[in-house]
Amino acid sequence: MAEMTYLEAIRQALWEEMDQDDRVFLLGEDIGTYGGAFKITQGFLDKFGEDRVIDTPLAESGFVGAAIGAALVGMRPVVEMQFADFISCAFDQIVNMAAKHHYRLGEPVPMVIRAPYGGRLHAGPFHSQCPEAWFIHSPGLKVVAPATPYDAKGLLKASIRDLNPVIYCEHKYLYRHAKGEVPIDDYVLPLGEADIKREGTDIALITYGAMVQQALEAADEMSQQGIEVEVVDLRTLCPLDTDAILASVKKTGKVLIVHEAPQVCGIGAEIAGVIAQEAFHYLDAPVTRLAAPHTPVPFSPPLEDFYLPNATKIAAKLKDLASY
Amino acid sequence: MAEMTYLEAIRQALWEEMDQDDRVFLLGEDIGTYGGAFKITQGFLDKFGEDRVIDTPLAESGFVGAAIGAALVGMRPVVEMQFADFISCAFDQIVNMAAKHHYRLGEPVPMVIRAPYGGRLHAGPFHSQCPEAWFIHSPGLKVVAPATPYDAKGLLKASIRDLNPVIYCEHKYLYRHAKGEVPIDDYVLPLGEADIKREGTDIALITYGAMVQQALEAADEMSQQGIEVEVVDLRTLCPLDTDAILASVKKTGKVLIVHEAPQVCGIGAEIAGVIAQEAFHYLDAPVTRLAAPHTPVPFSPPLEDFYLPNATKIAAKLKDLASY
Amino acid sequence: MELRIEDLLKLYYYLRLTRGLEDRVIKMYRQGRIVGGCYVGTGEEAISVGSACALAPDDVVAPSHRGLGVHLVKGVEPKEYMAQYLGRRAGPTRGKDGNIHFGDIRRHIIGFISPMADGIPVAAGVALAFKIRREPRIAVAYFGDGASSRGDFHEGLNLAAVLKLPIVFICDNNQYAYSVPLSRQMAVSHVADRAKAYGFPTVIIDGNDVLAVYDAIKGAATRARGGGGPTFVECKTMRMRGHAEHDDASYVPRELLEEWRRQDPIQRFEGYLREREVPEERLQAVETRVLQEVEEAVEFAEKSPLPDPSEALEGVFAT
Amino acid sequence: MELRIEDLLKLYYYLRLTRGLEDRVIKMYRQGRIVGGCYVGTGEEAISVGSACALAPDDVVAPSHRGLGVHLVKGVEPKEYMAQYLGRRAGPTRGKDGNIHFGDIRRHIIGFISPMADGIPVAAGVALAFKIRREPRIAVAYFGDGASSRGDFHEGLNLAAVLKLPIVFICDNNQYAYSVPLSRQMAVSHVADRAKAYGFPTVIIDGNDVLAVYDAIKGAATRARGGGGPTFVECKTMRMRGHAEHDDASYVPRELLEEWRRQDPIQRFEGYLREREVPEERLQAVETRVLQEVEEAVEFAEKSPLPDPSEALEGVFAT
Ligand SMILES: Cc1ncc(C[n+]2csc(CCOP(=O)(O)OP(=O)(O)O)c2C)c(N)n1
Ligand SMILES: Cc1ncc(C[n+]2csc(CCOP(=O)(O)OP(=O)(O)O)c2C)c(N)n1
Ligand SMILES: [Mg+2]
Ligand SMILES: [Mg+2]
């Protein structure tokens, strides 16, 4: 075990997988000499060479397509989007070529697209987006979104070893703001399993990514008032661990779903739908969602602060639910 | 009034808007001489000329981008996607350039993208998709999806006159399978208003597009068993008419949400979320969804029939709800 | 390069088989016996057959929707093709996808999908894998004139150029993209003019001359295999039917079609075979074999079961 | 074409103003006084200023992230720019977007957005509108060498070519795309080699010579306005700083920078002005004016209010 940042955990997972599996290689912009916009791949070029750490031209659709082709003939490409926002430029290749391939032809497309996503860095509408729901709604893709260094490493390894195209959403704010104990050696966390980050009896709080920290903060605050909130970290968004969600809701009878992506048609909507169908009789209060409003991500700090859910806003919702 | 097909209604709306507003012009593949893959624009080239009916090169991102530019300087472009499936190729221009523009700069981008979508024609994974949820989750876009010729005409006119980028989802199956009375002259239906296609007291059935016909059939069947189903046709998916949804749910106490797009993170999820939050106390049964499974749209008839919701499957769900 | 009689007969067989199967599918389309739309490459068979025959068995191809010949040369059987067109479980997609949208990576074929040009970067990725693994294999991407307008064409060709990948780009320039003639698709005369933007060799050949295609691709493949990087081969041809069978192509000038009909690649090749004095009975034998295989394929497909409805749920994820 | 002294001084003013504002923003970035990243066009000012000055007032521009000079010539005020960089309500996006991501269609500027090359098809659409309406106006799209690898470059240029639109494409080739040098971005020597694929004229000019830029764009604009269609102008220059201010650009060879530093466009133009015997006090006056405007802008911006939090909810839809 060693204490490390979320960024370092991702870096380690990549490094180890490349080290032990020749099929793993990297494609992306500025990932070679420069080591990546966030320095995740610093040192990789020297260690693994030009063949396996490929600085591509500025062409997301092109290099995602190339990753698909390489995956089809036995490689394990890991693509870095410089920012998740640019994943839109490769949307067609992802949802039409990669996502549908196994269903149509029975051939696996084992590849990972790393998507540095999310806000709180005052980076504006084009460097802060949360793209996960688009891909959850596109059958054939897995979507992963870890919240801690430990999960980030174990889930990235699992994503690389998975036989399907995985959109690995790594939260930019967490890169340097999440620290934790991480095993130095090899371990894998299964895709599709949520993790209870805090046990509780009164309210189920379902979330993931950067909102887990905020949720835990809010839960601590509630605890001082005698309300025990159970924080369920989804970790994988597709496939969704509905068992874990339903278990927590059934146990607590109340639920708050939190995410940073826009509320309308976000993953929170799906979770609410599952709960309202499957756990209807266990509910003691309306299914409550807290997510971003229906706007692009604004740039200026007061606007972005207003836009993003955080511990304070979560606590307010929890209080409402507690006193319901 | 005249009886006409859904296809003819769309054609008329386009024709009339072009006739009365010089700013309206068309961009797309094979829309000129050929009159469009579905013959919506047949005769338009002769009437309106090459300047306003533009056969583009095969480049969706290019011509959607061009539509945005033209809209910014005062035109009212209407883009035809040959099939909605190819909208993925223009995804970045739509969600990054068009959707966010007014929020960022306060300048309107009045344009329409016509997206012939949906299944039941045995056209397989790349000619049957329902793209609406991707865009509902992208703040700044309006999303329209009419079910009848009357609505199709009135809503397309409204979409063209709207100041925002509108994704107008026209269902390919309805082109020739939906007929109805349509005013010959000019009329506009407001975006954002659902329409009660059938009044009922026992169950609210929320749907849109090609599923409206199926819903009405199922409702008729239920009526024979004394169950009165209220069929709410959303017509516009963004902005969503939550008032109409909630009113119907509050009136009936039970709800079935039906759509053809995949269930996970579809618009039905959002509707379920809204109901489970806002109408919780009015619910006498779990919020129920019926939508496509989590797969691409399969080609072969038995597979596609299994995949798509239809009147029979709807009736089965309604029976479950009725006896709940 | 003079081919041996056996090689010539192989080309001839695949030309005839491609034409035979597609003619048959057209007929069945008219009779309402197939599912969905009907896309054929009538008159363009020399490109698919000539190029595929010039490749090594384990080279990987990404054919377009005009490329049935490529599939056949790579080993796809007429029965599979017919079963696919009829939405049967025995088809290569088990009914999940239709018509020419199939592939099989074990037979070194990347499945075609509708969005035009998507296969180009994918094929580049295949070539990249070969380069990384230092395998002496190449990738081949096929696409139409219309497809070359898409961004993925640009991004794919450029990636291949910059990384100097072992790949051959084959443009089936049949003058039209659905109803749009070349002159409205681009402001240059040849698709190859576009490809000059990438810094590797381009050639323009007569796409209705199967031997010219064979030779050009053989050369380009050798170059790619030897580390020389990509080549762009534009094959001039003509789409002799509608975009698909629902389209009567009335927008195509009749004289243009007449002119090209005289250039039919199979007739031309037959002329050549006779010049080379290939015995008439060998040609006859090919015709007989093809007829029989087509009939068997139809019979097989029509007897073969449709998928069970619930198979719709299978196979979204690899496990 | 000999410019009058007044015109020369206009160029000089905008060059200095651009440099002055950006130098100031860099300083403020280091002091932690701005919000978000800091993108400048140091050493590339001749391209933005020279081109924008060659346009008619109502021509529409789509500047890139290196194009502050274009904005200024089009009438954006230093105060607005500073307010934008500080996330203030007085900025052109009212704090909704940051740094160089702004525009104003009333002043004929299409706002830049991050995905590289997205502005190219959009500018083509502007030109298309002018063509449809038969207005004697043109559109101008700016982009970098890296952006020219994207599909939208290909699709946009081709659309403009096929429809013969009144547009000028200006490539700011500063040799790098973030850390990627031109040689890894494309396998041709010039971005203009790419543009040959579209069938309209291309020219390559010295992007650090403001008069050369002015002349080339004047010519291309005249051609476009006269119905001659698009022109591609590649301006050779060098990115003299990091990609953004967080980047020390240690991957750029120092000698290369030294070589280009001797080609600084503002110093070169000052040399020319002195040759033309523009009185020293006129140059001095420009410097004084610029200094003052920059100071005023900073003062204005720092005093100007941030948006109210709830303004985050405003303006998603036009009504
Ligand atoms: C991205 C995309 N847009 C539109 C279509 C619809 N479409 C199918 S084929 C076709 C024309 C293709 O022309 P070309 O590439 O020349 O191939 P050809 O059919 O002539 O062989 C079009 C527009 C498509 N398949 N993909
Ligand atoms: C589609 C897309 N991918 C990646 C990025 C990240 N990015 C920002 S600027 C840049 C390099 C741009 O290079 P170039 O076009 O040459 O412009 P320059 O910055 O050199 O002026 C990259 C990769 C982006 N903005 N857009
Ligand atoms: Mg063609
Ligand atoms: Mg550059």
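Reminder, nothing fancy here: chain letters follow the sequence lines and each chain counts from 1.
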Between the side chain of C:Arg239 and the main-chain N/O of C:Asn174, is any donor-acceptor distance below 3.5 Å?
-> no
If only atom types and distance count, is the side chain of C:Glu259 paired as donor or acceptor with the main-chain N or O of C:Leu257 below 3.5 Å?
-> no
Neighbours of chain C found in residues 115-135 of chain D - heavy atoms under 4.5 Å | none
Residues 152-166 of chain D vs chain C, non-hydrogen distance cutoff under 4.5 Å, contacting residues -> D:Phe153, D:His154, D:Glu155, D:Asn158, D:Ala161, D:Val162, D:Leu163
May I ask you to name which of D:Ala187, D:Ala195, D:Ser183 has the most heavy-atom pairs under 4.5 Å with chain C?
-> D:Ala187
Would C:His243 and C:Ser179 count as having a side-chain donor-acceptor pair, cut-off 3.5 Å?
-> no
If we ignore angles and hydrogens, is there a donor and acceptor under 3.5 Å between the side chains of D:Arg194 and D:Thr202?
-> no
Between D:Asp193 and D:Lys196, is there a salt bridge with N-O shorter than 4.0 Å?
-> yes
For the pair C:Arg241 and C:Glu245, find out whether any cationic side-chain nitrogen is under 4.0 Å from an anionic carboxylate oxygen.
-> yes
Determine the minimum heavy-atom distance between C:Trp260 and C:Gln175, stating which atoms define it.
-> CZ2-NE2, 3.9 Å
Most chain D-contacting option - heavy-atom pairs closer than 4.5 Å, from C:Met186, C:Gln185, C:Arg150 | C:Arg150
Show me the donor-acceptor pairs within less than 3.5 Å that the side chains of residues 225-236 of chain D make with the rest of the protein, sequence neighbours left out.
from: D:Arg225; atom 1: NH1; to: D:Asp59; atom 2: OD1; distance (Å): 2.8
from: D:Arg225; atom 1: NH1; to: D:Asp59; atom 2: OD2; distance (Å): 3.3
from: D:Arg225; atom 1: NH1; to: D:Pro136; atom 2: O; distance (Å): 3.1
from: D:Arg225; atom 1: NH2; to: D:Asp59; atom 2: OD2; distance (Å): 2.7
from: D:Thr231; atom 1: OG1; to: D:Arg223; atom 2: NH1; distance (Å): 2.9
from: D:Glu234; atom 1: OE1; to: D:Val191; atom 2: N; distance (Å): 3.0
from: D:Glu234; atom 1: OE1; to: D:Ala192; atom 2: N; distance (Å): 2.7
from: D:Glu234; atom 1: OE2; to: D:Asn173; atom 2: ND2; distance (Å): 2.8
from: D:Glu234; atom 1: OE2; to: D:Val191; atom 2: N; distance (Å): 3.2
from: D:Glu234; atom 1: OE2; to: D:Lys236; atom 2: NZ; distance (Å): 3.0
from: D:Lys236; atom 1: NZ; to: D:His190; atom 2: ND1; distance (Å): 2.6

Set of residues satisfying side chain to side chain contact (heavy atoms under 4.5 Å, CB included) with respect to D:Asp206, sequence neighbours excluded = D:Asn208, D:Asp209, D:Arg268
Which distance, rounded to the nearest 0.5 Å, do you find between the CZ of C:Phe112 and the CZ of C:Phe143?
-> 12.5 Å
